[in-house]
Colleague: 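For reference, the structure I am asking about is given below.
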Amino acid sequence: MSNNGITRRNVLRNGAGVVAAGALSAPMVHAQGTGGTLKCGFWDHWVPAGNGIMRELCAEWGRANRVEVNVEFITSVGNQNLLTINAQAQSRSGHDVLSFPTWEPAAKHELLEPMDDVMGRLAQKYGAVTPAAEYLGKVGGKWAAVPAVSGTQLKPACTRFDLMKEHAGLDMQAMWPNKAERGPGADGWTWEAFAAAAEKCKAAGVPFGLPMGQFTDAVDWVGALMNSYGAHMMDARGNATIRNNAKLRQAVEMLVRISRALPDDVWAWDDASNNRALISGRSALIFNPPSAWAVAKRDQPQVAEKCWYAPAPAGPEGRMVGYLPYFWGVWSFSRMKPAAKGLIEFLSERPQAERQTNTSSGYDIPPFLSMSDFKIWETEGPPTGFAYNYPVKPHQNQTTSVAFAPAPAEFAVQAYNNGLNTKLIARIVQGGETVDQAMGWVERELTTIRRGG
Amino acid sequence: MAADGTLAVPTAAGAGSGRANTLQRFARRRSTIAFLMTLPLLVVVVGLVGYPAAYGIYLSTLNRRMTGFMEGDWLPTGLGNFEILFDSDTFWMVVWQSCIFAITAVLLKALIGFWLAHMLHHIPTKGQRKWRGMLLVPWVIPPALSTLGWWWMFDPSYSSINWILNIFAVPAVPWLGEPWWARASVIIVNVWYGAPFFMIMYLAALKSVPEQLYEAAAIDGATSWQRLRYVTLPMMANIISITVLFSLIVTFANYDIVRVLTNGGPRDLTHVFASYAFQVGILSSNIPRGAAVSLFMFPILAVCAFFVLRGVTRRNKEQM
């Protein structure tokens, strides 16, 4: 063999080189393309078609970028998504792209890849993000996650326009028509007017269906009212601001008045109870995304065709609407960060955002204010255009609100999940405490939350 | 000769060298065999109970960000979460409620289970199996599922129980909205779910009481109360103690019933340790404090277990 230059040593050396080259290039060879596999865990949408569009969009992006995208949907029923997030954070392994509910980006920001580059490019194209999304998603000046389209909801007033007209004397369709203008009486849509309407509707046997328990629908509407009064329980530095807080006292008095005009059992309501109140025709108003209307359209069409969206009532410091977003984030321990960021950017772009919103019948709210003009909100019905005022639009002079903002997110999340704002009212109305006693209790709770960082 | 670790099987004379002989003898010891046979269970217990418990204790010593140990003002570093809980009104309310919930529910389950076991014991054998099967149904259904059924019956606005009450002109009951009714509802569901377990345990104990004791008591002219007081109860004492202890542990750690029925409301007045720990730890992203809440059950249950098991040991010694 040495005669023709082929030695055993050379064969082995060359063979080892080929094997090594093959081994090094192997991880990039995958079934579909050369970009590897991206594992995504998205929120399992209430609207069944909401999952389908996410799968479709991911497949489109995967084909274009030669990346295999595996999509899973994680339910929020039983807080399964929270358990998954915490398990992945503890084990430092899991999905590359994951849906994070409201407070989780702030809670897990130390383990999340900063998304400033993605948000920078998106903001350049689409302009400003709604303020509440910025409060929740930005930690220490950095975006911990990108505000998602799929799953993000607002909670303006879903009214029964016929009942509101008959019993409260308010023409919601005229006040808030399905075009970019305020109708007659829109400026009078305040919490004062709201409380008066609530009292009249209760007297007529169709009380407003506003929960007062510890679930998100309750905490969100009470939080929006408090924010519209400038009534903050904690400041941005984490100091409790309960004592001598005239604005808080004013908001509490308004909430006490409204809660006395609600059904007696609202203290035990969950997030589905208000939906049922509207769908069954027993209630003239709820604060909810169009999911209640969607069920009514299927089961009680005569109720659905009398629904009409109006912005939240205004308080002394503005018109605030409850906002409950999802975020798309990437773990810092992900091995597919560039691809994950690419997919998130793709999903957040206007054409893809509009497809998500369309498929969810207008439920999903994009974070960019410039995207509040999707056609679906004008055409969805019956009645046609009932959801025109569901998203935040410039003519409404309305801002998104998160209960317990502007408190630091690590404290606000605890106050939010403990439902401190609704319990404050429950202690007065149901427990018979004075306003001072109840406010003393909430101050002690906030102090406990603050201790330990 | 098993207990003292001596050989279970005598070694064959002159088998192998000294070292091989020692290994063989070690492998043939009953204690070695017993250890090897229980090893899979030990691995499961250590992996699924020991490790999570130790990790839970470690978590409870950390600060909220889990970047270091939690400092306390008057308790040493690492116990700061417990110090915060000691200062919290809500936490002490949860402690009190957990005790009320567990003690009331276990007492009711024990009484109902005892009564049901006696009823079943006196049914002719032919029909007993049918009744036993039916009475065990609540215990067999997964509690999260059956609690959902109860929730529909207690629903604040559309309660089927209230609908029936209204037919008889009885005013509707705010099952889940009023604090005492909400507590009662949680206890009712727990009793409904857990009483069959007591029943089956007590039934087994009743069947093991020798018939001769009752015959002797009857000859002595004992009344039915005296037979119960001086024959049945002493013979069942150990089973009653162990069942109560077991149920107390499970009831203290109950989570699903409160979570599904009331979510701790109204105003936290139905929270128990597990539901409050979940709220603080997972929902509020404060895992160390949530771990501290759940660990608080441990000393309470350890004290209960100590007294109950001491009673069982004493009775066993008296009977020997």
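Numbered from 1 within each chain, the chains take letters A, B, ... in sequence-line order.
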Colleague: Hey, could you give me the CZ/CG distance between A/Phe287 and A/Leu278, rounded to the nearest 0.5 Å?
Modeller: 12.5 Å

Colleague: Non-hydrogen atoms of chain A under 4.5 Å away: do they reach the side chain of B/Phe154, the backbone, both or neither?
Modeller: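 When you check distances to chain A, no heavy atom of B/Phe154 falls under 4.5 Å.
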
Colleague: Relative to chain A, which of B/Leu85, B/Leu176, B/Asp87, B/Asn263 shows the most heavy atom pairs under 4.5 Å?
Modeller: B/Asn263

Colleague: Could you tell me whether the side chain of A/Asn417 and the main chain of B/Gln279 form a donor-acceptor pair under 3.5 Å?
Modeller: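 Here the side-chain-to-backbone pair does not exist.
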
Colleague: Fit a plane to each ring of A/Trp331 and A/Phe333, take the angle between them on a 0 to 90° scale, and name the class: parallel (under 30°), tilted (30 to 60°) or perpendicular (over 60°).
Modeller: parallel

Colleague: Tell me which of these, B/Leu269, B/Thr262, B/Asp268, has more heavy-atom pairs under 4.5 Å with chain A than the rest.
Modeller: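 Max contact count across the listed options: B/Asp268.
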
Colleague: Under a 4.5 Å heavy-atom cut-off, does chain A meet the side chain of B/Trp181, its backbone, both or neither?
Modeller: neither

Colleague: According to ring-ring contact (aromatic ring centres under 6.0 Å, His included), who are the partners of B/Trp192, at least two apart in sequence or on a separate chain?
Modeller: B/Trp150

Colleague: Heavy-atom pairs under 4.5 Å with chain B: which of A/Tyr416, A/Phe215, A/Trp103 has the most?
Modeller: A/Phe215

Colleague: Pick one of side chain, backbone, both or neither for B/Thr90, based on which atoms fall under 4.5 Å of a heavy atom in chain A.
Modeller: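 For B/Thr90, backbone and side chain are both near chain A.
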
Colleague: How long is the span from the CE atom in B/Met66 to the CD atom in A/Glu110, to the nearest 0.5 Å?
Modeller: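 Those atoms lie 9.5 Å apart.
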
Colleague: Looking at B/Gly72, B/Ser285, B/Ala144, B/Ser157, which makes the most heavy-atom pairs under 4.5 Å with chain A?
Modeller: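 If we count pairs closer than 4.5 Å to chain A, B/Ser157 comes out on top.
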
Colleague: Please flag which part of A/Arg282 lies under 4.5 Å from any non-hydrogen atom of chain B: side chain, backbone, both or neither.
Modeller: side chain

Colleague: State, to 0.1 Å, how close A/Asn418 and A/Lys423 come at their nearest heavy-atom pair, and which atoms those are.
Modeller: O-NZ, 2.5 Å

Colleague: Between the side chain of B/Gln97 and the main-chain N/O of B/His271, is any donor-acceptor distance below 3.5 Å?
Modeller: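 Such a contact is found between B/Gln97 side chain and B/His271 backbone.
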
Colleague: Hey, which of A/Ser280, A/Gly213, A/Ala268, A/Pro101 has the most heavy atom pairs under 4.5 Å with chain B?
Modeller: A/Ala268

Colleague: What part of B/Asp73 lies closer than 4.5 angstrom to a heavy atom of chain A: side chain, backbone, both or neither?
Modeller: side chain

Colleague: Picking from A/Met212, A/Lys108, A/Arg427, which has the most non-hydrogen pairs under 4.5 angstrom with chain B?
Modeller: A/Arg427

Colleague: For A/Phe327, give me all partners under ring-ring contact (aromatic ring centres under 6.0 Å, His included), at least two apart in sequence or on another chain.
Modeller: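 A/Phe327: no ring-ring contact (aromatic ring centres under 6.0 Å, His included) contacts found.
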
Colleague: In terms of heavy-atom pairs under 4.5 Å with chain B, which of A/Thr447, A/Asp265, A/Val266 leads?
Modeller: A/Asp265

Colleague: For B/Ile287, is it the side chain, the backbone, both or neither that has a heavy atom under 4.5 Å from a heavy atom of chain A?
Modeller: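 For B/Ile287, the side chain is the part near chain A, not the backbone.
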
Colleague: Tell me whether A/Ser259 contacts the main-chain N or O of A/Leu255 through its side chain, where contact means a donor paired with an acceptor under 3.5 Å.
Modeller: yes

Colleague: So for B/Phe91, is it side chain, backbone, both, or neither that comes closer than 4.5 Å to the heavy atoms of chain A?
Modeller: neither

